[in-house]
2 protein chains.
Amino acid sequence: MLIEIDFRDKRPLYEQISDRLKRLIEQGVIGKDELLPSVRALSMELSINPNTIQKAYGVLDRDGYSYSVAGKGSFAADVSALLPARREAFYHELDEVLKRAPALGIGVADVTEHVRGVMKKGEQYDTDH
Amino acid sequence: MLIEIDFRDKRPLYEQISDRLKRLIEQGVIGKDELLPSVRALSMELSINPNTIQKAYGVLDRDGYSYSVAGKGSFAADVSALLPARREAFYHELDEVLKRAPALGIGVADVTEHVRGVMKKGEQYDTDH
DNA sequence: CAACTGTACTATCAGACATAGTACAGTTAG
DNA sequence: CTAACTGTACTATGTCTGATAGTACAGTTG
């Protein structure tokens, strides 16, 4: 349900799974200290080898998105500490995309207009940063 | 000179080479119908196997960035026909990045301001699209 | 105790990437 | 015509990553 595998995606399964879980934790769908599905349960649900799930969970732990306790399970970590780094990564990715604009004849006005068109929701109180 | 390999990059060599050449052709550094370096010459210059260069050139041909003639060489194609598709791909990639903004507390104003800060050059005559 | 949890191995298979070597057909300058 | 270039097409090999399979062990919990 929460996790779905796209077999058309060329990325490795463990990366798809870890990325999907990262976003669920970032967005608060999985709250702080909430129990994640067990390695074996998720491997059953997705029909994927447990080792592959374990690898994905290892990435989550390593990147600070979860903490695991043998015998208990894996839990969502407090991601507020990761916010500055994630914002920096966001602007870096944004810059990489914007680099291509000039060669396409796309200007500042085009981009800003497009941005306003896409990001129009949930902006009642979030405009002050 | 025009092409450089970054061995820290995890992407395959042939992809680095084809991407680099695509941008050179996109930006007009290599003009329409201009002769690209030969497979063997480029393999010597970069100290890379000719088969790897051939694979990169195959990608260029397949994606419409070049056309090759046995005995003569590979030439830059007319990329103007690719412009609409490239613009569409640009906005698609942009949207993918922007999706993450709300979860980071980054609003429209933040993004547009950042965009203006980054894309300030060459905007004297390109603002009308 | 039984059934769960994460974790750590080894082994195997498949595919992608890169290299090496050879070969062939078309083009061009001499 | 010949020699030297061009792209192209193979086969073979080695390496690495991703994924699977199976087993095992330690900690937690009802």
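Below, read A as the first sequence line, B as the second, and so on, with proteins coming before strands; counting in each chain starts at 1.
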Over how many whole Å does the gap from Asp9(A) atom CG to dA19(D) atom P extend? 10 Å
Can you tell me which residue pairs pass the ring pair (Phe, Tyr, Trp, His ring centres under 6.0 Å) test with a partner in residues 85-117 of chain A, sequence neighbours excluded? Tyr91(A)-His114(B), His114(A)-Tyr91(B)
Residues 21-39 of chain B, side-chain donor-acceptor partners within the protein, below 3.5 Å, at least two apart:
unit_1   : atom_1 : unit_2   : atom_2 : d
Lys22(B) : NZ     : Asp63(B) : OD2    : 2.7
Glu26(B) : OE2    : Tyr65(B) : OH     : 3.2
Glu26(B) : OE2    : Arg86(B) : NE     : 3.4
Asp33(B) : OD1    : Tyr67(B) : OH     : 2.6
Glu34(B) : OE1    : Gly31(B) : N      : 2.8
Ser38(B) : OG     : Ala41(B) : N      : 3.0

What's the separation between atom CG in Asp61(B) and atom CD in Gln54(B), rounded to the nearest 0.5 Å? 10.5 Å
Taking only residues two or more places apart in sequence, or in another chain, which ones meet Arg8(B) in a side-chain hydrogen bond (donor to acceptor under 3.5 Å, both in side chains)? Asp6(B)
Could you state the CD1-P distance from Ile5(A) to dG18(D), rounded to the nearest angstrom? 15 Å
Separation of dG7(D) atom C1' from Leu42(B) atom CG, nearest Å, is 14 Å
OP1 or OP2 of dG7(D) sitting under 4.0 Å from any side-chain N/O of Ser68(B)? no
Partners of Ser80(B) by side-chain hydrogen bond (donor to acceptor under 3.5 Å, both in side chains), sequence neighbours excluded? Asp78(B)
Just how far, in rounded Å, is P of dG7(D) from CZ of Phe75(B)? 9 Å
Could you state the CD1-P distance from Ile53(A) to dA8(C), rounded to the nearest angstrom? 17 Å
Take the protein atom CD1 of Ile17(A) and the nucleotide atom C1' of dA19(D), then report the distance between them rounded to whole Å. 11 Å
Reading nucleotides 17-26 of chain C 5' to 3', which nucleotides get B (base under 4.0 Å from a protein heavy atom), which S (sugar-phosphate only), which -? SSBBB-B--B
Glu96(B): which residues meet the salt bridge (charged side-chain N to carboxylate O under 4.0 Å, His left out) condition with it, sequence neighbours left out? Lys99(B)
Can you measure Lys10(A) atom NZ to dA19(D) atom P for me and round it to whole angstrom units? 15 Å
Separation of dC4(C) P from Met44(A) CE (nearest whole Å): 11 Å
